[in-house]
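Please read the structure below before turning to the comments.
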Amino acid sequence: MKPGRLSHLEQLEAESIHILREVVAEFDRPVMLYSIGKDSSVLVRLAQKAFAPAPLPFPLLHIDTTWKFRAMIEFRDRFARENGLDLRVHTNRRALAEGASPFAWGSNKYTQVMKTHALLEALREGGYDAAFGGARRDEERSRAKERVLSFRDSYGQWDPKNQRPELWNLYNGKIRKGESIRAFPMSNWTELDVWQYIWQEDIPIVPLYFAAPRRVVEREGTLLMVDDERFPLLPGEEPRTEVVRFRTLGCYPLTGAVRSNATTLPDILREMVEATTSERQGRLIDHDEAASMEAKKREGYF
Amino acid sequence: MAAATEMTNGLAGWLRAQEQKDLLRFVTIGSVDDGKSTLIGRLLHDAHGLYEDQLHAVRRASVRGSTRGEGSTSEIDFSLFTDGLQAEREQGITIDVAYRYFTTARRKFIIADTPGHVQYTRNMATGASTADAALILVDARLGVLPQTRRHAQIAALLGISHVVACVNKMDLVDFDRAVFDSIVRDLRAIGEKLGLRSLHAIPVSALAGDNVVSKSERTPWWAGTTLLEHLETLPVENGARAGAFRLPVQLVLRPGIGYRGFAGQIVSGSVKPGDEVVVLPSGKSSRVTSVDVAGKPVDVAFAPMSIALRLADEIDISRGDVLVHADAPLAVASDVEADLVWMSERPLDRAKSYLLKHTTRTVRAEVASIVYGTDAETLEPVAKSTLVLNDIARVQVRCRAPIFFDAYAAQRATGAFILIDSVTNDTVAAGMITKALEGAERGTSRTLVGDEERRARLGQSGAVLRVLASSLAGAFELGYALERALFDGGRIATVVDEARDARDAAEACARGGLLAIVAGVDADGANGEAVELNGQTLRASSREELVQRVLAAVR
């Protein structure tokens with residue numbers, strides 16, 4: 001850092017820290033949604049910086065669908081342990097008992113039950129009035145419309161047609177009992193900013209982001225990784241080993257891999273700069289129907 | 001997407017180049033159907049800010065439902081990139097701000113694409129509040145519309161340094177230079193009236209791409225730059241904000257014994273260990289022992305860094321306080337004058353207190369009076385008795401606790417506030433402080449009747465008697481007993497029942513036999529001066545005559 005001038009990333013960092021501190025100052029029970037991905041890793045680092053030398057003044061919450069990549073869960077537990085994080089894990093046990101699975105239920109119903117409903121249940125049980133998320137406005141076009149402090153009614157619903165005006169960096173944190181706020185400190189970051197920050201700050205991320213030989217099947221143009229024995233193979237399908245990596249991580253049956261030889265962060269950055277498709281291209285749940293993300297968020301999805 | 005050629009110097013060179021790039025935040029504003037979203041789509045597309053899958057999705061959607069009616073596979077409806085809500089695509093209008101990001105070899109950009117509909121002006125202000133520059137779109141066929149004026153006014157009020165007028169749809173007026181020149185003349189006249197600091201105009205066609213990223217051959221008479229080139233070369237602040245040091249305290253970091261850090265984002269100026277700082281409002285001073293970023297001490301910190309300060313003395317500092325250098329204090333006042341943009345469907349209620357959030361401080365506040373409103377059409381001042389959605393007015397605000405501020409024109413972050421309805425919790429207005437109000441401006445000491453004269457006539461000296469008891473009922477009981485006793489003792493007293501504002505207090509005084517005079521502004525100012533008395537409006541051809549009529553009426 002040169003005196004007198006902040007780089008683009010330093011400006012973004014300062015803005016994110018400001019948002020994190022405002023929410024902690026104005027709410028009684030904040031929580032941070034932790035999804036194990038690269039954005040979550042960056043968000044945790046930003047929060048550590050915001051409150052250093054104090055520990056994070058809120059717990060982390062992971063909505064575990066039980067269909068995450070195994071490498072994600074291993075990373076989650078190690079990351080929480082090594083960083084001394086207060087990690088809470090919540091699963092919609094009832095739906096799981098009823099057999100909820102992305103294969104059996106379809107991605108739409110499954111996401112609604114195992115992600116949206118589970119999230120709302122966990123927020124209610126924890127009595128949380130503000131939940132941080134690592135979502136960025138460049139990810140998807142309905143995200144691009146969302147406020148930094150996004151108001152949700154007592155059912156966790158978003159009303160995109162009636163959002164509070166949000167001026168300057170004066171965030172309105174006033175809510176009634178039962179209502180809540182989703183706070184997005186990384187709203188103005190882009191995917192490239194995130195990767196650059198991970199590289200500069202040496203932030204640990206799940207190894208699935210790096211290219212390696214993995215067992216995959218190609219289904220309707222998407223490369224799906226066969227992460228465990230629950231993956232139902234269709235007649236004639238035979239998993240093969242390919243060198244792939246992931247640009248985004250979610251439930252393994254719903255997340256497409258990309259063919260890549262990027263095994264280091266500089267490789268990934270180079271690939272990013274030359275990329276011609278967006279990261280969410282590999283996200284099946286975004287493409288369920290037109291305005292799919294918006295529909296999910298109206299119901300309470302993050 | 002970001003020009004792959006940039007990587008040819010290797011990763012290290014690329015990262016260095018990224019560090020050097022500055023950031024420009026701009027907002028696109030204008031009327032409905034002037035092509036704002038289309039312009040953004042065009043800019044992103046031609047500057048290679050779009051991914052193939054996004055293009056593909058929009059190409060598909062362009063066939064299904066285009067804002068331009070029958071979509072064809074060959075033409076892309078660029079507005080579909082930014083109109084991200086279902087309701088927006090159904091209706092072909094923009095409802096809320098969309099934020100977009102793109103980068104060129106020279107600069108990074110954050111675009112706030114805002115709605116043109118009058119109904120959603122508040123969302124336009126939302127997008128404009130964080131912008132360094134504004135692109136105002138004007139349809140070449142229609143010229144300057146009322147909404148263009150309103151948006152220009154908000155841009156001026158918000159203090160946006162650079163305004164770039166894009167005269168769009170030039171292809172539909174045959175790239176006629178006279179049309180362009182005439183619109184630019186109109187815009188300049190508006191700019192002068194509003195005091196816009198810089199206004200630059202470019203003839204474009206967002207749909208066809210003329211003068212957006214590449215120079216058009218169809219405007220040979222145009223010697224200026226393309227829009228993108230202009231945006232790449234506008235001067236920006238580079239993040240470091242000049243001015244005196246100001247740190248509004250967000251919260252106090254106390255991880256354990258031995259550490260007490262006052263955390264906040266520096267609004268302006270810089271700070272280093274050893275500096276003397278003063279805490280507002282207490283006025284206590286201390287010396288900075290450490291400036292911490294992410295828990296580690298640094299030699300110096302400056303705006304807009306988020307830091308924590310440690311001080312030599314144990315003084316009481318909490319959220320809402322501001323730390324400044326001793327030689328550059330902030331103005332302190334409870335009564336301020338401000339420009340207000342009303343953003344709620346519910347009109348302003350002057351009898352009601354709102355929450356005013358300014359820096360990290362939230363206080364209760366009332367809009368004590370409306371100095372004048374602004375006519376959206378003529379931009380001239382008009383009398384107003386209340387404010388409704390999208391109204392813009394100069395007002396006097398009375399805070400129940402002092403705030404510490406700079407004028408908005410001098411420093412955005414310490415001059416801006418929002419008003420929150422404390423019942424609905426909605427953000428109802430955006431405010432920009434112009435100055436502190438002195439006693440006379442508050443209307444408290446302009447009286448032509450001396451206190452001595454008044455006391456002589458009544459035969460008593462005035463006093464405020466604050467009655468205290470363990471319950472409200474008890475307090476009133478004692479209050480009325482006192483009133484009776486004072487009256488019986490030859491004094492004139494009246495109980496003022498929890499007055500919420502000047503009007504309530506005046507009514508209480510009047511019931512007690514005093515003639516209470518309340519000053520106000522007539523919404524229909526054209527009728528001249530008047531006095532309302534017992535439900536009757538008194539008027540006269542001169543002020544003297546009006547005074548005589550009032551004297552006769554109160555007898």
Side-chain angles (χ1 to χ4, degrees), chain A residues 3-11 13-15 17-18 21-22 24-25 48-55 137-138 140-145 160-161 163-170 172 174-176 187-188 190 192 196 199-200 266 269-270 273-278 280-281 290-291 294-295, chain B residues 1-2 4 6-7 11 14-15 18-19 21-23 51-54 61 84-87 95-101 108 110 122-123 125-126 129-130 238-240 250-251 253-255 259 263 265 294-295 300 302 304-306 319 343 355 357 360 412-413 416-418 420 425-427 430:
Chain A
R5 182 185 183 278
L6 290 189
S7 73
H8 170 69
L9 273 186
E10 287 164 337
Q11 285 184 56
E13 181 190 73
E15 180 181 79
I17 291 174
H18 173 82
R21 288 170 170 176
E22 277 302 282
V24 164
Q48 286 170 331
K49 288 193 172 195
F51 304 104
R137 285 170 173 159
D138 80 324
E140 199 272 339
R141 58 186 176 177
S142 69
R143 290 255 192 243
K145 293 275 171 182
K161 283 178 77 173
Q163 301 192 76
R164 289 175 176 175
E166 188 164 85
L167 293 113
W168 302 288
N169 61 357
L170 296 173
N172 177 354
K174 299 290 172 202
I175 52 165
R176 294 180 188 158
S187 286
N188 286 322
T190 65
L192 191 57
Q196 205 182 319
W199 193 70
Q200 268 176 219
L269 273 164
R270 201 167 290 123
V273 172
E274 289 161 6
T276 57
T277 54
S278 80
R280 298 199 79 89
Q281 192 234 359
E294 178 185 344
Chain B
M1 60 181 257
E6 287 179 44
M7 267 293 189
L11 186 67
W14 178 83
L15 283 167
Q18 298 303 303
E19 287 249 320
K21 282 184 193 179
D22 49 34
L23 173 67
Y51 288 116
E52 272 172 12
D53 57 314
Q54 294 170 330
L85 301 176
Q86 203 157 7
I95 291 171
D96 212 330
V97 200
Y99 294 90
R100 296 286 150 188
Y101 306 80
K108 286 174 183 278
I110 299 179
R122 58 173 178 247
N123 296 338
T126 289
S129 69
T130 50
N238 266 341
Q250 286 187 287
L251 61 145
L253 298 175
R254 296 188 63 185
Y259 190 99
Q265 185 172 18
V300 62
F302 48 87
M305 288 168 68
S306 283
R319 176 171 169 83
M343 303 181 148
L355 296 172
K357 186 171 183 186
T360 57
R412 270 186 184 191
F417 64 84
I418 54 170
I420 301 167
N425 290 328
D426 289 332
T427 303

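Computed from heavy atoms alone, side chains included, the values below leave out hydrogens, waters and symmetry copies.
Closest approach of Leu23(B) to Gln11(A), counting heavy atoms only: CD2-OE1, 3.8 Å. Summarising the geometry of Ala98(B) relative to Lys145(A), their closest heavy-atom pair is CB-CE, 3.6 Å, with the distance given to 0.1 Å. In plain terms, the two heavy atoms of Asp138(A) and Tyr101(B) that are nearest each other are CB-CD1, 3.8 Å. Taking all atoms of both residues into account, the shortest heavy-atom contact from Leu170(A) to Phe417(B) is CD1-CA, 3.5 Å. Between Trp14(B) and Leu192(A) the shortest heavy-atom distance is CZ2-CD2, 3.8 Å. Between Ser129(B) and Glu166(A) the shortest heavy-atom distance is OG-O, 4.0 Å.
Your options are Ala125(B), Ala263(B), Ala294(B), and the one with the most heavy-atom pairs under 4.5 Å with chain A is Ala294(B). In terms of heavy-atom pairs under 4.5 angstrom with chain B, the leader among Lys174(A), Glu13(A), Gln163(A) is Lys174(A). Among the candidates Glu15(A), Arg164(A), His18(A), the residue making the largest number of heavy-atom pairs closer than 4.5 Å to chain B is His18(A). With respect to chain B, the highest number of heavy-atom pairs below 4.5 Å among Ala25(A), Pro165(A), Ala54(A) belongs to Pro165(A). Chain A forms more heavy-atom pairs under 4.5 Å with one residue of Met343(B), Lys108(B), Arg122(B) than with any other, namely Lys108(B). Your options are Ala52(A), Pro160(A), Ala144(A), and the one with the most heavy-atom pairs under 4.5 Å with chain B is Ala144(A).
Only the backbone of Ile175(A) has a heavy atom closer than 4.5 Å to any heavy atom of chain B. For Lys357(B), the parts lying near chain A are the backbone and the side chain together; criterion is any non-hydrogen pair under 4.5 Å. Contact of Ile418(B) with chain A is made through backbone and side chain together, with heavy-atom distances under 4.5 Å. In this structure, chain A has a heavy atom under 4.5 Å from the side chain of Tyr259(B), while its backbone stays farther away.
No side-chain donor-acceptor contact under 3.5 Å links His8(A) and Gln18(B).
Salt bridge present: Arg319(B) and Glu22(A) bring a charged side-chain N and a carboxylate O closer than 4.0 Å.
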Problem - Derivation of the side-chain contact (heavy atoms from CB on, under 4.5 Å) call for Ile17(A) and Gln265(B) - result: CA-CA 8 Å; Ile17(A) 291 174; Gln265(B) 185 172 18; over 6 Å; no
